[in-house]
Amino acid sequence: MTALLFALACTGGGEDVAKWRVEPRMESAPLAQPSAYPLDTGAEAYFIAQHVVPGLHWGNSPSTEIALDMWTHLMGENVADPGSCPYGSVDGGERTWQTNCRSQDGYNWSGTASQVTWEEAGQEWERWEFDIEVDSDVESRSFDRIAMKGEFWFAGSNGETLQSHTETNLVIEADGYWDQGSRAKLEDTWSRLALTGTWETWLDAGGDLRTFQAQGVVENSLGGVTFEAPDGLEDDGCATEPRGDVLLKDGTQQVRLSFEAGDRCDNCAQYSLDQGSETLACRTSTWL
């Protein structure tokens, strides 16, 4: 029952649990909430969509890729002391990292992180939980502070048409991480980036065409929007965008972004605000 309530809450009550090939099971209260967001600007709508739309900037599971990219940076040898700060231990399928330490490069660690892996009905599963904060005051630091709190669940292929299933409820706070050149936009908006939602990737019977399903809420320092691919998205051979429509809503406004993938493959989408006339919204230089 709590998993169902999570699925409903993550999109303000619009979630259709039956659309997923793996029943949602996350039980934590949603960390991302819709609020006023500048959807009347095509560039802003495209920018926030890049965080959650499969195949647009990240792969088929944007939320896990964002979280694991950040975790990989934290675990790098210039931030962590491998094996000691944080201190990792393994117990069966569970790996835990304990902190409350200072690394040799001057990073202060507090909190914990864990990864649990298991097999269920022929699927490989993993669940990550974060409640961790890392900061530094040394001159050569690569960031000022990074905090991660929340969890994600990821299930791999079921041996049939499901390629992956993701549920995420996570907040990342990054200060001084993106603060350089064209990435200043990310520095401003990632002071609090919250992701709550569900993503799935399907294959056709021949194992070729990929269909993406995505629904949830993404929130940053500018506000929060619900996102949904009402008819799914297709991998059409374009490396920078899928094919299909994405709806973004902040409670008062709705934007439709229509991606054309292989027909254009131009890092742009047809943008329509509240069913008005279409204009072009494109990727800007403010991303990676």
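Values below: every heavy atom of this structure, side chains too, minus hydrogens, waters and symmetry copies.
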So, are E187 and K185 salt-bridged, with charged N and O less than 4.0 Å apart?
-> no
Passes side-chain contact (heavy atoms from CB on, under 4.5 Å), L186 versus F47? Steps please.
-> CA-CA 10 Å; L186 288 165; F47 173 75; 3.7 Å; yes
Would you find a donor on one side and an acceptor on the other, under 3.5 Å apart, between the side chain of S114 and the backbone of R95?
-> no
Looking only at non-hydrogen atoms, find the nearest pair between D105 and N78 and report the distance.
-> CB-O, 3.3 Å
Would you check if the side chain of E241 reaches a backbone N or O of A261 as a donor-acceptor pair within less than 3.5 Å?
-> yes
Thinking salt bridges, do D231 and R256 make one under a 4.0 Å N-O criterion?
-> no
Look only at the side chain of S103 and the backbone of V79, and say whether a donor-acceptor pair between them is shorter than 3.5 Å.
-> yes
Tell me, which pairs form a ring-ring contact (aromatic ring centres under 6.0 Å, His included) where one or both residues lie in residues 77-96, sequence neighbours left out?
-> none
Where do R102 and N108 come nearest, in terms of heavy atoms and distance?
-> NH1-OD1, 2.8 Å
Do V116 and M26 belong together in a cluster built from hydrophobic side chains that touch within less than 4.5 Å?
-> yes
Kindly say whether E119 contributes a backbone atom to a donor-acceptor pair with the side chain of E124 at under 3.5 angstrom?
-> no
Is the shortest distance from a Lys or Arg side-chain nitrogen in E120 or R25 to a carboxylate oxygen in the other one below 4.0 Å?
-> yes
Tell me yes or no: between the side chains of H165 and W202, is some donor less than 3.5 Å from an acceptor?
-> no
Disulfide (SG to SG under 2.5 Å): pairs with one or both residues in residues 48-85, sequence neighbours excluded = C85-C101
State whether the side chain of D236 and the backbone N or O of C238 hold a donor-acceptor pair below 3.5 Å, judged by distance alone.
-> no
Steps toward side chain to side chain donor-acceptor pair (under 3.5 Å) verdict (E126, Q115) | CA-CA 7 Å; E126 56 184 295; Q115 176 196 21; 3.2 Å; yes
Test applied, side chain to side chain contact (heavy atoms under 4.5 Å, CB included); reference residue, Y37; option that passes from V218, V255, T252, N220 | N220
Charged N to carboxylate O under 4.0 angstrom, R21 versus E200?
-> no
Over all atoms of both residues, closest heavy-atom pair of L170 and A67 | CD2-CB, 3.5 Å
Across all chains, not counting sequence neighbours, the ring pair (Phe, Tyr, Trp, His ring centres under 6.0 Å) partners of F143 are H73, Y107
Do the side chains of V53 and L280 join up, straight or via other hydrophobic residues, at under 4.5 Å, putting them in one cluster?
-> no
So, for G111 and N100, which heavy atoms are closest and what is the spacing to 0.1 Å?
-> N-OD1, 4.0 Å
Ion pair present between R145 and E173, side-chain N to carboxylate O less than 4.0 angstrom?
-> yes
E167 side chain to G197 main-chain N or O, any donor-acceptor pair under 3.5 Å?
-> no
Answer yes or no: is there an ion pair linking E151 with R127, defined by an N-O contact shorter than 4.0 Å?
-> yes
Could you give me the CA-CA distance, side-chain angles and deciding distance for T112 and D131, then say whether side chain to side chain donor-acceptor pair (under 3.5 Å) is met?
-> CA-CA 5 Å; T112 62; D131 187 3; 5.7 Å; no
Sorted by chain and number, sequence neighbours left out, side-chain hydrogen bond (donor to acceptor under 3.5 Å, both in side chains) with D188 holds for none
Give the cluster check for L222 versus V225: same hydrophobic cluster or not, with ILVMFWY residues linked at side-chain heavy-atom distances below 4.5 Å.
-> yes
Listed partners of Y271 passing ring pair (Phe, Tyr, Trp, His ring centres under 6.0 Å), at least two apart | none
Donor-acceptor contact below 3.5 Å, side chain D81 vs main chain Q104 | yes
Flag, side chain of E133 to backbone of A147, donor-acceptor distance under 3.5 Å | no
Report yes or no: does S136 contribute a side-chain atom to a donor-acceptor pair with the main-chain N or O of G106 at less than 3.5 Å?
-> yes
Sequence neighbours excluded, which residues qualify as ring pair (Phe, Tyr, Trp, His ring centres under 6.0 Å) partners of W97?
-> W71, W128
Verdict with reasoning, F227 to W199, per ring pair (Phe, Tyr, Trp, His ring centres under 6.0 Å) = CA-CA 11 Å; F227 61 89; W199 291 259; 5.6 Å; yes
Whether over 12 other heavy atoms sit under 6.0 Å from Q275 CD | no
Would you check if the side chain of D235 reaches a backbone N or O of R210 as a donor-acceptor pair within less than 3.5 Å?
-> no
Tightest non-hydrogen contact, residues G156 and Q123, listed as O-NE2, 2.9 Å
Which atoms form the tightest heavy-atom contact between P30 and T196, and what is the distance?
-> CB-CG2, 3.9 Å
